[in-house]
Amino acid sequence: MLLKRTGVPGPAPVATVAALALGLFSLSTVESLPVGLMPMIASDLGVSLRAAGLLVTAYGAVVTIASVPLTHVVRRVNRKRLIMTTLAVLVASTLVAAIAPGYGSLLAARMGSALAHAVYWSIVASTATSLFARRVSGRVVAGLFTGVSLATVAGVPAGTWLGQEFGWRVPFVVLAALGLLALAVVVVTLPDLAPRAETERSAAPDARVFWLLMSVIALLVCGVFTVYTYITAYVTDVGGLPASAIGPTLLGAGVAGIAGSAIGGMIVDRWPRPAFMVSAGLLASATLGLSCAAGRPWLVVGLIALLGGSMAAMTTCLQSRILRVAPRSPDVASAIGSSMFNIGIAGGSALSGVLLTAVGLDGSALVGGLIAFTAVLVLSAERFVTASDRT
């Protein structure tokens, strides 16, 4: 995505955003990579699949728990130094994971990456948008979050393929190299920035709106992941598609996610409230629609693509709105948003496990869709908790 430079001469701001997006790509891929490599890791290290699964579960738990307190602790640190430190920790932890001699050292390396993730995710959007005028902040966030979408489309599948062909350690080495590249570009292009929390307030700070958004995101993501946790099984068992269609279907959702992020970035600066409302509504509709798509393969494919596109658009719009209404530090507000997002994922995944045996996959989609629409209803109450249309 092309970003309009304002206030900073030369191409450095665009290069910086590209490097920060590469950092997000690396972190997001590192987070989910063990999912595709789990049998190989378990076999090589002599542990159970359940223990290998803890490499992902514990990572998410650390991000959820550590984001807010850790971001608060480092709130006065120079932004460039902090970005450089988190990327350096990512590179070091990922390399340790690649050479880990046993399960304990691998798990410890994963925790190091999770701590870097917790801080980086909290500060990266506010750091990137500080290089541009506020009127294009949505486009900056969209360009930045392309790294997350690409991790889903290319990062995890490519990492899984590399692991299958050359061993599970190789993709970790590649991701460490990409993190090092991002770090090198940041060193050269990112100017010294004082902590944003100390120098700049959000455009329209409103604690009531902020906490309403936090409750919305927890409910909305919980509803989506009530379905998405078992989406591969849904494609075949409910959608009636062959197993060979799983990859292309999820790839289509990832491509739609890139488009959704771009569209969200184009409209959120001008229409922040409607953009978030529409993207959340489409996401809830896609989730609920999966409850009545049994035996209709093309409808299933279309709804999963809509889910991927609207999820990316919603995430972009959410981050832009967090930066806009943050009642205090934009970084701490972003950290709270990250925690609520992960709480929604954990809640939806746990609920889906209970519902799977009780009502099946299509029943889980119905419950998830109703939860997601509850979030949209809560969001519609925003007009009643703010005195004027400031956002």
Side-chain angles (χ1 to χ4, degrees), residues 56-57 60-61 63-64 148 152 208-235 237-239 250 253 256-257 260 264 273-294 296 299-300 302-319 321-322 336-385:
V56 178
T57 306
V63 173
T64 301
V148 180
T152 303
R208 293 169 301 171
V209 172
F210 173 76
W211 286 110
L212 182 139
L213 292 177
M214 294 302 97
S215 64
V216 166
I217 200 59
L219 278 172
L220 186 61
V221 174
C222 177
V224 171
F225 273 82
T226 300
V227 183
Y228 197 76
T229 300
Y230 293 99
I231 196 66
T232 54
Y234 182 95
V235 169
D237 297 353
V238 179
L250 297 182
R273 277 185 181 173
F276 187 50
M277 175 67 80
V278 170
S279 59
L282 288 174
L283 186 55
S285 298
T287 305
L288 187 60
L290 288 170
S291 68
C292 54
R296 302 173 184 175
L299 180 58
V300 168
L303 286 171
I304 291 176
L306 178 61
L307 188 145
S310 55
M311 173 65 95
M314 183 277 298
T315 303
T316 298
C317 294
L318 172 68
Q319 184 60 53
R321 293 219 65 205
I322 287 174
I336 295 171
S338 175
S339 293
M340 298 302 287
F341 206 99
N342 280 279
I343 287 171
I345 292 174
S349 298
L351 181 59
S352 66
V354 174
L355 293 173
L356 186 63
T357 55
V359 295
L361 289 167
D362 48 354
S364 297
L366 175 61
V367 174
L370 292 175
I371 293 173
F373 265 108
T374 299
V376 175
L377 288 175
V378 173
L379 181 60
S380 67
E382 182 181 343
R383 73 180 78 173
F384 302 113
V385 300

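The residues of the chain are indexed from 1 along the displayed sequence.
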>> Any heavy-atom pair between the side chains of Leu282 and Val278 that's under 4.5 Å?
In response: yes

>> I'd like to check Thr315 versus Phe341 (side-chain heavy atoms, cut-off strictly below 4.5 Å). Are they in contact?
In response: yes

>> Are Leu318 and Ile322 packed together at the side-chain level, in the sense that at least one heavy-atom pair is separated by less than 4.5 angstrom?
In response: yes

>> Just to verify, what does Thr316 make a side-chain hydrogen bond (donor to acceptor under 3.5 Å, both in side chains) with, not counting sequence neighbours?
In response: Ser261

> Hey, does Ile345 have a side-chain heavy atom less than 4.5 Å from the side chain of Thr64?
Replying inline: no

> Could you give all pairs that pass the side chain to side chain donor-acceptor pair (under 3.5 Å) test and reach residues 338-350, with sequence neighbours left out?
Replying inline: Thr229-Ser349

> With a 4.5 Å heavy-atom cut-off, do Trp211 and Ile336 have their side chains touching?
Replying inline: yes

> Testing Thr374, Leu213, Ile217, Leu220 for side-chain contact (heavy atoms from CB on, under 4.5 Å) with Leu379, which one passes?
Replying inline: Leu213

> Hey, which of Ile304, Leu299, Leu361, Asp362 is the one that makes side-chain contact (heavy atoms from CB on, under 4.5 Å) with Leu290?
Replying inline: Ile304

> Listed by chain and number, what are the ring-ring contact (aromatic ring centres under 6.0 Å, His included) partners of Tyr234, not counting sequence neighbours?
Replying inline: none

> From Phe225 CZ over to Ile231 CD1, what is the distance, rounded to the nearest 0.5 angstrom?
Replying inline: 10.5 Å

>> Are the side chains of Val300 and Val238 in contact, using a 4.5 Å heavy-atom criterion?
In response: no

